[in-house]
Amino acid sequence: MSVDDRQRKAERIRHLLDTEGDSVHENTQVFNDGRYESTADLEDYEGLKDEARAIKEDAIERLPELIDQVTEAVEANGGTVYIADDAADANRYITEVADGRNVVKSKSMTSEEIEVNESLEASGADVWETDLAEFVLQVADEAPSHIVAPAIHKSREEIAELFNEVFEPEEPLETAEELTQFAREYLGEKILDAEVGMTGANFVTADTGTLALVTSEGNARKCVQATDTHVAVAGVEKIIPTIEDLQPFVELIGRSGTGQDITSYVSLFTPPGDSPTFGEGDELGPGDDREFHLVLIDNGRMEMREDDQLRETLYCIRCSACANSCANFQHVGGHAFGGETYSGGIATGWEAGVHGQDSAAEFNDLCTGCSRCVNQCPVKIDIPWINTVVRDRINRGKDGDLDFLVEGLTPDEEPGGVDPQKRLFGNFDTLAKLGSAFAPLSNWVAQTGTARSLMERTLGIDSRRELPEFERESLVEWFEDRGSRVDPDEARRQVAIYPDAYTNYVRTERGKAAIRVLEALDVHVDVPAAGESGRAPLSQGMVTTAQGNAEAVYDALAPAVAAGHDVVVIEPSDLAIFHREYERLLPEDDHAALKNNSYEIMEYVYGLLENGADVDALPGGDDDQIAYHSHCQQRTLDLEPYTVAVLEDCGFDVTTSDVECCGMAGSFGYKSEYYELSVDVGEELVDQFTTEENADRTVVASGTSCLEQLDALLTRRPAHPVRLLDTQ
């Protein structure tokens, strides 16, 4: 990425932070909080998600068969099914059906994908969006910024100003009630005048040809019942086998998207309907005159189905949980975190599949791989992995003039066209090793104005971000000189501590503290030279390099695992990669062995204490006040409670952050194009830790990124929780 490209992206993000950020943040937070509350009421939330995923897996596996089945069902009911190859094919068919007649539409992201409005209007049809938010955007001539709430970026005041300027009502519109009433009356007339009603479909059941529409306003029903012709537009992935299969999705879709136990309207249409339609003069006409057309759209989906990495995208039910739970999306919305049609975490898969990788490349790096969205997705899609794979493909699609030279000199296994910024961060282990070898000189040189200016211009490393300082002696070297202080024959357990790059070369003090804490609890410790886990290259989309790292790490840790020893990890993101991504990077047996024997440091201390270790061997907290922030991936693995429990058992008074993300996200916060966004996200956490209640508490955080961000934004230095338990 050039300097100009970085500046353009930074300016775009700053603009959205200033103009749309507050509205997006307020609304997504409401949705996010509502989801937590609503899903907590479900008796078996995880079971419902498993059921929903199994149905989608089965449906996508049998998709050609289900397309034939739904076609037969709809045609038996008197309707017509058209299978469109792409957007142009779909628009041609829909335009022919509409034949220049007036059209009213309910909300449909698939119709946005194919840009059907433009096609219909070019043919002479009058087209109106009847969803309130879509109507606002149609009037404003803007694109949606959210899958479920497309006008989430607009405030009530902005909408009032828009309506007053465009429609010039007799009395200015101000309140939400006045705006809604105006839109209802205006669109009511459009619905009565229209002859064609268009809807999407949240689900289509193959056995009966039934369309399930989940809406909040009821406008979809009006579009269907008040018109002579109903055209339903849906991607082929919306088909599920039976009407009974709707049950888990109805339970999950509203809760996942907007935090509602159930949306206002769940409509099941098995068209053509037999209710009367409105004719001229508002006279009722016979219902059997209604036409129904189901347009099932491929537009790249069948290719996605054959793509092992993108296939999971087709399980998506477009609930927006991934967007609502994403800290970056919460602050900039879909106009930054989105492509030609789709926004949020899952948008990378959709955009790459239906519009191409260039569309996905515009926003793909806004996914930091924090994995929070995985637990929120109602069908358990591994969204971070899809984003990583697409990022890898984007990297490999770029040719470099010096490929032969770069590939020979760089320590990774990537092609020469990889952006230098990505290559630098993806090879952090090598950078840290060199920095440590030449410290403290390397630290001094890196902090000079000349070096900072050069790094910002050539690598996009923001000069406002403080760089890590490398230790001259690595943790591994320190331990080799020191040795273990607990006899293995007398030890309670034997442990291999995994020395992640940051702990090994930068924050060695937390590694030393972890060793001393474990030894105080009668654990024999070893620190093998294991190397980079693969997290750094994976975050840059350098999958082949990450796989090589994973294999090397497993080789280094395998002797300990084979001997029945435990692996203890200090950095949560590295434990997460052991547990999750290594499933894709290592042979099945190797992944299982490492996953089943690896633990986060505070989780491991908790286990020791629960199994008889003496808590008095650790320093007492004496009611010292602690403000604790848990790492994103630590929360995904549900490990936060262990840290809190250990600190409280040791006598600390602990309060925890409600803010879920620090905004640093590894290398993300160092990149000049994302610096303002990173800080904007982080300020929310800072606000919580500077309240009257928390202002004097010692700030503690588990993740490297969290510590770096808090250190930069707070006036008091944060610490890793294991350092509070250090016996030295």
Side-chain angles (χ1 to χ4, degrees), residues 475-501 503-504 510-535 547 549-615 617-618 633-634 637-639 641-643 645-646 649 702 722 725 727:
L475 178 68
V476 170
E477 291 169 341
W478 173 84
F479 186 80
E480 285 177 350
D481 290 340
R482 172 189 182 272
S484 177
R485 301 296 170 83
V486 175
D487 189 320
D489 294 331
E490 299 177 3
R492 178 184 299 275
R493 301 287 297 178
Q494 295 193 52
V495 157
I497 285 188
Y498 168 66
D500 65 271
T503 301
N504 196 28
R510 68 185 185 188
K512 296 172 184 177
I515 291 167
R516 289 190 286 261
V517 167
L518 292 176
E519 289 179 339
L521 299 175
D522 299 322
V523 174
H524 174 78
V525 177
D526 186 28
V527 186
E532 160 64 40
S533 69
R535 173 62 68 192
Q547 184 167 19
N549 290 158
E551 291 167 351
V553 166
Y554 181 77
D555 288 345
L557 297 177
V561 173
H565 302 169
D566 303 313
V567 175
V568 171
V569 182
I570 298 171
E571 169 56 40
S573 65
D574 287 314
L575 182 69
I577 198 173
F578 288 180
H579 282 220
R580 290 175 42 78
E581 285 87 351
Y582 273 20
E583 182 177 8
R584 301 177 186 271
L585 301 175
L586 291 178
E588 182 178 353
D589 290 345
D590 294 352
H591 165 252
L594 186 55
K595 176 182 178 180
N596 294 335
N597 292 280
S598 56
Y599 307 87
E600 190 257 350
I601 177 63
M602 297 300 283
E603 173 195 18
Y604 197 75
V605 170
Y606 174 87
L608 292 171
L609 296 177
E610 285 292 295
N611 286 277
D614 185 6
V615 71
L618 302 176
Q633 284 156 332
Q634 189 182 32
L637 295 173
D638 198 25
L639 299 178
Y642 297 116
T643 298
V646 169
D649 285 349
S702 294
V722 76
L725 310 181
T727 56

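Only heavy atoms go into these numbers, but all of them, side chains included; no hydrogens, no water, no symmetry mates. In this chain, residues are counted from 1 in sequence order.
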Nearest heavy atoms of [X] and [Y], plus distance in Å:
{"X": "V553", "Y": "A530", "value": "CG2-O, 3.4 Å"}
{"X": "A550", "Y": "L585", "value": "CB-CB, 4.0 Å"}
{"X": "D500", "Y": "R510", "value": "OD2-NH2, 3.5 Å"}
{"X": "P528", "Y": "P499", "value": "O-CG, 3.1 Å"}
{"X": "D489", "Y": "D487", "value": "N-OD1, 2.8 Å"}
{"X": "A593", "Y": "V561", "value": "O-CG1, 3.9 Å"}

To the nearest 0.5 Å, how far apart are [atom1] in [X] and [atom2] in [Y]?
{"X": "I497", "Y": "I570", "atom1": "CD1", "atom2": "CD1", "result": "5.0 Å"}
{"X": "R580", "Y": "S573", "atom1": "CZ", "atom2": "OG", "result": "12.5 Å"}
{"X": "E477", "Y": "N504", "atom1": "CD", "atom2": "CG", "result": "7.5 Å"}
{"X": "E600", "Y": "H579", "atom1": "CD", "atom2": "NE2", "result": "10.0 Å"}
{"X": "D589", "Y": "L594", "atom1": "CG", "atom2": "CG", "result": "12.5 Å"}
{"X": "Y604", "Y": "D566", "atom1": "OH", "atom2": "CG", "result": "3.5 Å"}

For a 4.5 angstrom cut-off between non-hydrogen side-chain atoms, does [X] reach [Y]?
{"X": "L618", "Y": "D649", "value": "no"}
{"X": "L608", "Y": "V523", "value": "yes"}
{"X": "L586", "Y": "E551", "value": "yes"}
{"X": "Q494", "Y": "V486", "value": "no"}
{"X": "V567", "Y": "V495", "value": "no"}
{"X": "Q634", "Y": "T643", "value": "yes"}
{"X": "L521", "Y": "L609", "value": "yes"}
{"X": "V527", "Y": "I515", "value": "yes"}

Open item on the list: Apply side chain to side chain contact (heavy atoms under 4.5 Å, CB included) to residues I601 and V569 and explain how you reach the verdict.
Closed with: CA-CA 6 Å; I601 177 63; V569 182; over 6 Å; no
Task: Results of side-chain contact (heavy atoms from CB on, under 4.5 Å) for A645 - residues two or more places apart only - done: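 Applying side-chain contact (heavy atoms from CB on, under 4.5 Å) to A645 gives Y606.
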Open item on the list: Looking at Y642, I'd like to know if its OH atom is crowded, meaning that more than 12 non-hydrogen atoms belonging to other residues, nucleotides or ligands lie closer than 6.0 Å.
Closed with: no
TODO: Carefully, step by step, assess S533 and N549 under the rule side chain to side chain contact (heavy atoms under 4.5 Å, CB included).
DONE: CA-CA 6 Å; S533 69; N549 290 158; over 6 Å; no
- [ ] Walk me through it: do E519 and R482 pass the test salt bridge (Lys or Arg N to Asp or Glu O under 4.0 Å)?
- [x] CA-CA 13 Å; E519 289 179 339; R482 172 189 182 272; 2.6 Å; yes
TODO: Enumerate the residue pairs fulfilling ring-ring contact (aromatic ring centres under 6.0 Å, His included) with a member in residues 477-501, sequence neighbours excluded, ordered by first and then second residue.
DONE: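 Output for this query lists Y498-F578.
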TODO: Keeping the roles fixed (side chain from Y582, backbone from D590), state whether a donor-acceptor pair exists under 3.5 Å.
DONE: no
Is [Y] paired with [X] through a side-chain N to carboxylate O contact shorter than 4.0 Å?
{"X": "D614", "Y": "R492", "value": "no"}
{"X": "E490", "Y": "R485", "value": "no"}
{"X": "R535", "Y": "E571", "value": "no"}

